[in-house]
Every structure is written in structure tokens, then in C-alpha cells.
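Please read the structure below before turning to the comments.
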Amino acid sequence: MQEISSVTEVVSPARTFRGSVRLPGDKSISHRYAMLAGLANGTSKLANFSTGADPHSSLRCMEQLGATVRDENGTIAVTGVAGSFAQPEHDLDCGNSGSTMRMLAGLVAPHTGTYTFVGDPSLTVRPMERIRKPLQQMGARIELTDGHAPMTVHGGPLQAIAFEAPIASAQVKTAVLFAGLQAQGVTKLKESVRTRDHSEHALRAFGVELERDAEGVSIRGDQTLQAVEATVPGDLSSAAFLLCAALLFPDSQLVLDDLGLNPSRSALLDVLVSMGLRLQVLNLEEKHGELIGTVQANGSAEVKGAEIRGSLSAQLIDELPVLAAIAPYTGTGITIRDAKELRIKESDRIALVVRNLRNMGAEVEELEDGMVIPGGQTLHGGVIDSGSDHRIAMAFSVAALRATGDTAIEGAEAAAISFPEFYPLLRQLGER
Ligand code: S3P
């Protein structure tokens with residue numbers, strides 16, 4: 001892995017936040033398209049593919065597995081291996097990307113071969129047992145190092161299983177579906193909390209038949225994939241930072257074109273509306289099962305607080321850091337519960353959010369599964385430690401827009417994991 005030197009971005013308070021943007025493609029969907037295109041027959045063309053480092057880790061891994069990847073003026077062309085992966089010559093380097101490691105493990109497990117996955121220091125301590133269990137049940141052998149990467153998948157012919165997901169995780173669901181797609185029999189996956197359904201839509205886009213009912217998803221094995229031409233919708237989790245910034249200024253105006261609005265991802269919009277964001281959705285259409293539209297957002301005079309708990313916490317898991325970072329500016333504050341998973345993301349996001357809020361002068365109570373952040377507070381700016389976590393760097397850059405002084409974001413380069421355009425956009429949209 002190449003060492004990236006730490007960059008500090010100084011974010012000054014803004015007067016308002018205004019502009020119109022078309023965001024790069026969704027990270028979650030880009031991963032899935034990259035992987036399925038790499039396995040498919042033929043050449044897929046993926047327009048508006050994510051510019052983030054994580055989905056590019058997926059593309060690099062697919063190349064190592066025998067796919068051909070070309071960048072044709074911003075459209076990614078992937079020629080798949082037509083169902084047979086090559087034995088990689090080197091370890092599969094997933095960088096910072098848990099999605100790559102977990103979902104790709106499921107995709108390679110039905111192939112006879114040995115696949116070793118490695119990642120950066122953050123990914124190397126993230127739990128992999130959650131995918132090992134179902135994949136071993138299907139017949140693969142998976143070696144972990146203390147429950148983490150380096151991880152070696154010894155793949156071979158797999159048998160379908162019935163699996164009840166013990167945690168709400170779209171990555172685990174996807175690993176099981178990707179393996180089930182190539183196993184003998186019908187794999188059934190039950191999920192008690194409905195997680196993002198991009199894999200179901202992506203599989204259908206590549207010609208796979210699967211069934212979805214109230215309890216979960218069933219997929220028949222031995223199916224083949226056909227290449228697609230698709231445009232990846234704009235990333236709603238990247239938009240979250242800009243929408244939260246818009247919420248902070250009564251006279252803000254933000255227009256986001258071609259934004260992904262998949263209902264399994266869009267709980268954030270409901271929460272922001274309940275907090276006072278004025279929101280309009282225009283030009284709604286569906287492409288390859290994914291809803292896309294233009295979102296127009298305006299702030300309002302009063303920013304209300306929120307209570308986030310239960311299944312809502314799982315649905316908002318990637319957006320919780322930015323909601324927490326702006327919580328002190330809300331009327332009644334924000335309480336987050338049932339979000340223990342935040343502790344095992346790219347960083348311990350509960351501990352880092354709490355520490356960084358305090359660095360900006362906020363009062364906050366840390367809980368094992370969340371935090372309580374009172375509203376009506378003034379933040380004075382400060383020094384933020386991103387912990388090399390993209391969402392922490394971006395969350396506190398948004399909070400910095402309403403602070404009384406400048407904020408130095410240390411490790412700001414982490415934003416490039418999902419949203420390399422973030423700092424230039426923040427400078428462009430924040431009016432001073
Ligand atoms: C993702 C699922 C979520 C999310 C991650 C992307 C996906 O992780 O936090 O950023 O693309 O499926 P979990 O599956 O661990 O909940």
C-alpha cells in the first residue's frame with residue numbers, strides 16, 4: 001500500500017451555502033456493479049462510476065481476478081471473466097474498503113482456488129467472522145487472523161443454505177447472495193431489519209432471477225450474468241454532508257441532480273425534513289431498479305433536534321457521524337441509540353465523534369451504543385482528528401461551517417475514500 005501523507009484542511013465559518021451539483025456515482029452501487037461486471041459475460045459500461053478510492057479497490061481486485069478494466073472518458077468499461085475467475089498472482093488488496101473484502105469473499109468462494117484478502121490498518125481490525133459463518137456453512141473454508149484480515153478464502157463448489165442474518169448488514173447479505181448465485185440449490189436469506197437493497201437490483205440488472213418477500217431474499221444457484229450498460233446514480237451518502245450543511249443556514253439553496261433516492265437508503269431525507277429542511281424532489285425516474293431524481297433543499301429559520309434509535313439507526317448508519325456533528329446547532333439536540341455498529345466502522349465512530357465534538361467546545365454524553373448531544377450550543381472551532389476516517393473528516397468540516405472560529409481538519413485526505421470532490425465543493429458552495 002502506498003503511504004498517503006496527512007493533509008490538514010482549514011474550514012472557516014460560512015455565511016450561507018448555495019449551489020447546484022451533480023454528484024459522482026454511489027459508492028455502494030459502484031462496488032456491486034464492478035464485481036458483477038467482473039464476473040459477467042461481455043463488456044459492461046458503467047457511467048458516473050464512483051470516484052472514491054474504495055470502489056476503485058474493487059475494480060483493482062476484479063482485474064487481479066482476470067477482468068479487464070478500462071476508463072473510457074470517465075465511463076468504466078469492465079470485460080468480465082464469463083464465470084471463471086483467474087487465480088490471482090498477489091493478495092487481493094481491499095485498501096480501506098470493508099465492502100470490497102466482505103462482498104468479494106462471497107463472489108469468489110464458489111470458485112476453486114485460494115484467495116487472500118488484505119487491507120489497510122483500519123480494515124485489518126474490522127470483523128470478518130460475520131461473513132465466514134455463512135460462507136463456511138455453504139462449504140467454503142475461510143481462514144481469518146484473530147477474526148480479521150488477512151483473510152484466505154479456500155473456494156470450491158458450494159451448497160445453498162437458509163441463513164438468518166444475525167446483524168443488520170447489507171454487506172453480509174450481499175456476500176451470501178453472491179455466493180448463492182453460484183451455488184447448488186436455492187439460497188434463502190432472512191433479514192429482520194431490511195438493509196439497503198442495491199445488490200438485489202444490481203443482480204437483476206445483470207440478468208439474475210431472485211425473489212424478494214417480506215422476510216428476505218431467495219436466489220437460485222448456477223445463474224450466469226450478462227454485461228450491462230448503466231449509469232450509477234449520484235451518491236446519497238455523499239449528498240448527506242451537503243444537505244446537512246444546507247440545513248444549517250436559513251437562506252441556503254442546494255440543488256442535487258441525478259441523485260440516488262433508493263427508499264432503502266433515503267431515511268436521511270425524512271429525518272432532515274423533520275429537522276426543518278425544506279425539500280423538493282423533481283424528475284423522479286427508475287433505472288435498473290434504482291430511483292433517481294433531482295433534490296432541491298432549502299434551510300429554514302429553526303433547526304429541530306431528533307431521536308434516532310432502533311432500525312432507523314441501521315438505515316442511517318453512514319449518515320450518523322454528520323448528524324451527530326451538527327447536533328449542537330439544533331434546538332433540542334440529537335440522541336442516537338442502537339448504533340453499536342458505529343464502533344466497528346472505518347474507525348470507532350462513537351469515540352471519535354465524541355472526542356471531536358468536545359474539541360470544538362461541545363457538551364456530549366458518550367453511550368456504548370450511541371450518544372446524547374444537547375442542542376442550543378455554540379462551537380468555537382478547533383482541531384479535528386479524522387482518525388483517517390472519511391466520514392469523520394467530512395462530518396466535522398460541515399460542523400465547522402457554523403462554528404465561531406476556524407477548524408483544522410487533520411487527516412482530511414481521507415475524504416477521497418468516498419468523495420474526493422468534497423473539499424473543492426465545500427469551498428465552492430459555502431459563501432463567506
Ligand atoms: C454498505 C453497507 C453498510 C455501510 C457501508 C456500505 C454496502 O455496511 O455502512 O458503508 O454497500 O452494503 P454494513 O453492511 O456493515 O452495515
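Just so you know, these numbers come straight off a predicted model, no measurement behind them. For ligands, and for the atoms within them, numbers begin at 1 and follow the listed sequence.
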Which ligand 1 atoms does Ala168 reach within 4.0 Å, using its non-hydrogen atoms?
16 (O)
Show which atoms of ligand 1 fall inside a sub-4.0 Å distance from at least one heavy-atom site of Ser28.
6 (C), 7 (C), 11 (O)
Please report the interatomic distance OG(Ser313) to CG(Asp338), rounded to the nearest 0.5 Å.
5.5 Å
Nearest 0.5 Å, please: how far is CG in Leu279 from CG in Leu243?
7.0 Å
Find out whether Leu158 and Thr187 are in side-chain contact, i.e. whether some heavy atom of one side chain is under 4.5 Å from a heavy atom of the other.
no
Taking [atom] as the reference point, the nearest protein heavy atom with its distance:
| atom | result |
| --- | --- |
| atom 12 (O) of ligand 1 | Arg32 NH2, 2.6 Å |
| atom 10 (O) of ligand 1 | Asp318 OD2, 2.8 Å |
| atom 14 (O) of ligand 1 | Ser169 OG, 2.7 Å |

Are any of the N/O atoms in Ala170 less than 3.5 Å from those in ligand 1?
yes
Please lay out, stage by stage, how Asp26 and Arg196 fare under the test salt bridge (Lys or Arg N to Asp or Glu O under 4.0 Å).
CA-CA 12 Å; Asp26 185 84; Arg196 62 188 73 191; 5.9 Å; no
Within-shell test, Ile317 vs ligand 1, heavy atom, strictly < 4.0 Å:
yes
Ring pair (Phe, Tyr, Trp, His ring centres under 6.0 Å): which pairs involve residues 24-65, sequence neighbours left out?
Phe49-His56
His390, Arg196, Lys345: member with heavy atom nearest to atom 15 (O) of ligand 1:
Lys345
Taking Gln136 for the side chain and Ile142 for the main chain, is one N or O donor matched with an acceptor at less than 3.5 Å?
yes
